[in-house]
Amino acid sequence: MADIEKSLIEIVEMYPAVLDDDKKLKSILKDYFPEDKRIQNHLYMVCEQGILEDMKGATEINKYKMVRYIHRLADDYGISESMAKEAIVAWTKALKIKAEEVSISESRAKQNQDSIIDGNSAINFEIEDENTLHFSGKEGRIIPNIKLMKGTYAVKLKGDIFFKLVYCDYKINQKMVIGSVYREEECIFKIERNIDNHNPGYFEIQNRGDDNLWTVDVVKLD
Amino acid sequence: MSEVIARPGGELASRPLHFFWVVDCSGSMFGEKIGVVNNAITSVLPEMIDEADDNPNAQLLIRTLKFSTGASWITDSPVKVEDYVWEDLEAAGVTDLGKAFDLLAGQLDVKQMGERALPPVIVLLSDGQPTDDYKKSLAKFQKLPWAKKAVKIAISIGQDADDDVLLEFTGNRELVLQANNAKMLAKMIKWASTAVSAVSSGVSNNAEDEIGDNDSSSGESVIEDGNKDTGNAAVPSVGNGPLILDMDNIPEPDDAGDVW
């Protein structure tokens with residue numbers, strides 16, 4: 001691992017232009033790690049997933065972001081989380097970014113905890129803290145397989161969109177719509193029953209306006 | 001008693017035909033790629049000797065330049081093809097193509113090449129992206145009279161090679177050959193080694209002829225050397241005799257099997 005980090009540091013110092021050119025980066029990774037396609041691929045994946053671009057300019061990365069990055073690689077490429085973590089940590093060291101330590105056991109969030117991020121795919125959300133699901137886009141979206149523990153939530157919107165949370169309550173065999181929120185409103189809603197694999201839910205965002213970026217924050221209050 | 005009558009004028013003098021292999025030896029060439037290059041060039045040398053025998057008016061001289069982190073010549077000077085022994089190259093390091101162009105430019109000096117030489121043949125093999133500032137070195141190289149007259153062929157190895165750079169080098173898309181697997185690489189090396197032959201038939205000097213123009217309708221490209229009066233004392237005076245480039249028999253791309 002130390003050799004990989006050392007080589008990556010050398011690449012960043014001696015050939016910084018490759019960070020802005022995917023083809024050149026791929027080529028130089030092949031030059032530096034000729035006998036190890038796995039390392040070439042794992043390091044390149046960080047670039048291919050946009051994580052390297054995301055990292056540029058950062059001085060530190062919190063553990064939530066680290067978790068998100070690890071999940072993104074592991075989920076999209078079918079690699080183990082430890083391999084994903086290895087690649088991401090190598091890049092943080094090469095870019096001299098202070099990254100919060102994340103243990104692999106902690107990275108798949110524990111289902112028993114009340115954190116809003118538990119069980120929700122890191123691919124769909126930017127996770128800045130453990131009580132907020134933040135996502136954005138330009139077009140309408142449906143984000144499936146939402147998991148929310150019972151409690152009180154706030155939804156804050158920016159942009160000309162219409163947001164709703166829909167889930168199926170199989171106990172009463174009914175589709176529930178909670179918290180329809182329209183254009184830059186903020187609303188508070190309560191969930192009486194856990195939204196999870198038994199009662200799966202989804203977020204629906206309808207873009208009512210133009211092509212500008214919209215954002216949604218779902219914050220767990222208690 | 002018979003006597004040997006000496007021919008007036010002595011033996012027919014041959015003109016040097018310099019053939020350069022410029023080989024990417026960066027880390028990405030490690031393993032199968034550099035192995036194929038080594039084997040293919042080794043096995044094509046006897047054919048090059050045979051071709052040279054069929055062209056008595058040209059003295060084929062081989063020189064190999066390798067580049068990875070830095071660049072260097074394998075031999076101190078050009079070697080006659082019949083005496084040339086291929087040394088297996090190894091692959092490690094980055095891709096300093098610019099340094100290769102710098103060394104090549106040094107060799108294409110009129111003093112090094114001589115004035116009677118035929119247009120040199122340069123075959124560049126690469127599978128990646130240059131890691132140094134190659135553009136300045138390439139521009140400097142391309143200004144040289146011998147570089148303008150040279151037959152420049154590039155073999156693009158694998159799908160990650162920078163074909164734009166190779167096209168800048170050859171100036172001709174048809175002479176950027178794709179080799180995406182071991183079989184194609186060997187075929188392309190063989191074609192590039194034997195595609196150029198010198199013909200001694202009398203062709204008068206043609207002023208202002210462009211070197212490297214392809215007349216693909218005939219399946220052959222005639223590379224005519226001519227005296228270009230540029231007022232530059234360093235411009236080589238190459239006299240008569242075209243080179244023929246066998247464009248008709250460029251191997252067809254074949255991506256069957258493993259693709260790099």
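Reminder, nothing fancy here: chain letters follow the sequence lines and each chain counts from 1.
A distance of 6.0 Å separates CD in Q129(B) from CG in D21(A), rounded to the nearest 0.5 Å. One distance of note links CG of D160(B) with NZ of K26(A); it measures 4.5 Å at 0.5 Å rounding. Note: T131(B) OG1 to K24(A) NZ = 8.5 Å, rounded to the nearest 0.5 Å. The line from CG of D162(B) to OG of S27(A) is 8.5 Å long, rounded to the nearest 0.5 Å.
Proximity of a side-chain donor or acceptor of D31(A) to a complementary backbone N or O of S26(B) within less than 3.5 Å is not detected. S28(B) places no side-chain N or O within 3.5 Å of a backbone atom of K30(A) that could act as its donor or acceptor partner.
With a 6.0 Å radius and a threshold of 12 heavy atoms from other residues, nucleotides or ligands, Q112(B) has its CD atom above the threshold. At most 12 non-hydrogen atoms from other residues, nucleotides or ligands lie less than 6.0 angstrom from CD of E87(B). The number of heavy-atom neighbours closer than 6.0 Å to NZ of K56(A), taken from other residues, nucleotides and ligands shown, is above 12. Applying the 6.0 Å contact sphere to CG of D83(B) captures more than 12 heavy atoms from other residues, nucleotides or ligands.
The two residues P34(A) and G27(B) come nearest to each other via the heavy atoms CB-O, 2.9 Å.
Of the listed residues (G93(B), G31(B), G128(B)), the greatest number of heavy-atom pairs within a distance under 4.5 Å of chain A belongs to G93(B).
Proximity to chain B is absent for every atom of F33(A), based on heavy atoms less than 4.5 angstrom apart.
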